[in-house]
Colleague: 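Below you will find the structure I want to go over with you.
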Amino acid sequence: MKKAINFREQVCAVVRKIPRGRVATYGQIAAMAGAPGRARQVGWALHGSSEKEDIPWHRVVNYKGKISLPKHNGYEVQLALLKSEGVRFDEQESISFDVFGWQANAKEL
DNA sequence: CTCGTGACTCCCG
DNA sequence: TCGGGAGCCACGA
């Protein structure tokens, strides 16, 4: 296995594994990418990703189960995409991880 | 090499 | 309940 790939590539690879109708936190993504504690870089990686159109970035939310994006910069888009996949939000526009939280098997990586 | 920035997360009061 | 602050690291210039 090579780890020569950039952090961004690794993050993208993990995000692509998120099944439809499920969501994951940045911290979770970072941990699966082999970089626990670097949740911040995950968000940056997704933002800087040129292949974001090929990545279900909308399935990534913060540890509160809410969208981190500002309303004027994709919030509504992510919200709509998640809803189109069957994800439901409560009155606070937050997602219940008990229902939509993604938990990858240890065999995934 | 250093500096600034950021779609995060946790601890405290 | 709610907000502020600090720590973390990657990338570009």
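Small disclaimer: the values here were computed from a predicted structure and weren't measured. Atom set for the values below is all heavy atoms of this structure, side chains included, hydrogens, waters and symmetry mates excluded.
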Colleague: Can you check whether A:Leu79's main-chain N or O pairs, donor with acceptor, with A:Glu93's side chain at less than 3.5 Å?
Modeller: no
Colleague: When you compare C:dC8 with B:dC12, how far apart are their P atoms, in angstrom units rounded to a whole number?
Modeller: 15 Å
Colleague: Any idea which heavy atoms bring A:Ser68 and A:Asn62 closest together, and the distance?
Modeller: OG-CB, 3.1 Å
Colleague: For A:Asn62 and C:dC8, what is the distance between atoms CG and C1' respectively, to the nearest whole Å?
Modeller: 17 Å
Colleague: Whole Å only: how far is the OH atom of A:Tyr63 from the P atom of C:dC8?
Modeller: 18 Å
Colleague: So, the side chain of A:Arg88 versus the backbone of A:Ile95: is there a donor-acceptor pair under 3.5 Å, distance only?
Modeller: no
Colleague: Let me know the distance between CG of A:Asn73 and P of B:dG6, rounded to the nearest Å.
Modeller: 11 Å
Colleague: Which of these nucleotides, B:dC8, B:dT9, C:dC11, is closest to any side-chain atom of A:Thr25?
Modeller: B:dT9
Colleague: Find the distance A:Leu79:CG to B:dA7:P and express it as a whole number of Å.
Modeller: 18 Å
Colleague: Would you indicate which nucleotide in B:dA7, C:dC11, B:dT9 comes nearest to any side-chain atom of A:Leu69?
Modeller: B:dA7
Colleague: In whole Å, I'd like the distance from the CZ atom of A:Arg38 to the P atom of C:dA6.
Modeller: 23 Å
Colleague: side-chain contact (heavy atoms from CB on, under 4.5 Å), that's the test. Do A:Phe89 and A:Lys83 meet it? Break it down for me.
Modeller: CA-CA 8 Å; A:Phe89 296 78; A:Lys83 285 184 177 179; 3.9 Å; yes
Colleague: Find the distance A:Phe7:CZ to B:dC8:P and express it as a whole number of Å.
Modeller: 14 Å
Colleague: Taking atom P of C:dT1 as reference, at what distance in whole Å does atom NZ of A:Lys64 sit?
Modeller: 13 Å
Colleague: Go through the steps for A:Thr25 and A:Trp102 under the test side-chain contact (heavy atoms from CB on, under 4.5 Å), then give the verdict.
Modeller: CA-CA 9 Å; A:Thr25 67; A:Trp102 175 50; over 6 Å; no
Colleague: Just by modelled atom types, is the A:Arg8 backbone N or O under 3.5 Å from a matching donor or acceptor in the A:Asn6 side chain?
Modeller: no
Colleague: Got a sec? Which of residues 41-48 of chain A come in under 4.0 Å of DNA chain C, heavy atoms?
Modeller: A:Gln41, A:Trp44
Colleague: Quickly, which of A:His72, A:Gln78, A:Lys71 forms a side chain to side chain contact (heavy atoms under 4.5 Å, CB included) with A:Tyr75? Name it, please.
Modeller: A:Lys71
Colleague: Ignoring hydrogens and angles, are the base of C:dC8 and the side chain of A:Arg40 linked by a donor-acceptor pair under 3.5 Å?
Modeller: yes
Colleague: Just call it for A:Gly37: base, sugar-phosphate, or nothing, with non-hydrogen atoms closer than 4.0 Å on any strand.
Modeller: nothing
Colleague: When the distance from CD of A:Gln10 to P of C:dA10 is rounded to whole Å, what number comes out?
Modeller: 13 Å
